[in-house]
Amino acid sequence: MSAIDIEISEVGPRDGLQSISAIMPTAAKKAWITALAGAGIPEIEVGSFVPAKILPQLADTAELVSHARQIPGLTVAVLVPNLRGARDALAVGPHKMTIPLSVSETHSLKNLRRTHAQVLEEIAAIRGEIDALPAANRPKLEGSLSTAFGCTLEGVVPERKVLEMAEKLVAAGCDEVGLSDTTGFANPVQVRKYTREIWQLLGRDKLTGIHLHNTRGQGLANVMAALEVGLTTIDASMGGIGGCPFAPGASGNIVTEDLVFLLESQGLRTGVNFQRLFEARRVLAEALPTTELYGFTPLAGLPKDFVAATPQ
Ligand code: ZN
């Protein structure tokens, strides 16, 4: 694999599929994951360890982890909502587990039915379980700061609260924290400011990635801010699926295909091959024929004489 400047973490199989009511067959998910990895996507969040009765769309996550683990070089990530989910995840061995903590406590209570203290307690217990494993089998544990840029319930989320929660996540045992614009409220100034302040507080190695939404059309502007400040991992979803889009024409999650174009066109290597990425989109489109896929680049095509930074 050629060197990579910016790592794209594809969250479509988790964030995307969890908000679509149609259940994508396991065989189709495997084919999609294989196609994404084949296109050069270095990290894929393949699912979430939530009870099947809450999210039947993601009931096959364990099988998908086992499948994805067989793809050489791919970082296999999963979401875990709590200790029980983390135990199920550890049984199949992902490389990375992300646990969300809503900086807005109202959101935390409504979504996970847990206070901040309860979530942090579970994270400390998860840390204990990870550390009980042989060093080679320990996944990276990331605490995701959900609603960091604003909350649909509480409105403004104070910046000091974001910093406080970042500090507590690391103290509870997270290897790293991630900034997450769950609600699509973020602006580029906030992205730069929050990143710098978390770095100042915890060190640069404790924050490398960001999860952005395009709910109000600011997704790629916020990516530019993330690049300028020096973040190196960007979450995105193929076809922009998921992330609860509210505005017609606007995707929820930022669109992987457009993100790859933004990065490659300014000389940043993603390791992704465009033709194979568009093929992976066809695999997704065929598996979800009634779901709208977003993204401009796949429709417009690459510009004439376009030269990507990654050798194609
Ligand atoms: Zn999202």
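We count ligands from 1, going down the list as the structure has it; atoms in each ligand are counted the same way.
Minimum heavy-atom separation, V103 to T147: N-OG1, 3.3 Å. The nearest pair of heavy atoms linking V80 to P100 is O-CD, 3.5 Å.
Within D15, the N, O or S atom at minimum distance from the Zn ion (ligand 1) carries the name OD2.
Using cut-offs of 30° and 60° on the angle between ring planes, the pair F261 and F274 is perpendicular.
Taking 2.8 Å as the criterion, S237 does not count as a coordinating residue of the Zn ion (ligand 1), since none of its N, O or S atoms falls below it.
Taking the Zn ion (ligand 1) as the corner point, the angle from H211 atom NE2 to H213 atom NE2 is about 100° (rounded to 10 degrees).
The neighbour count for Q118 CD, taken as heavy atoms of other residues, nucleotides or ligands under 6.0 Å away, is above 12.
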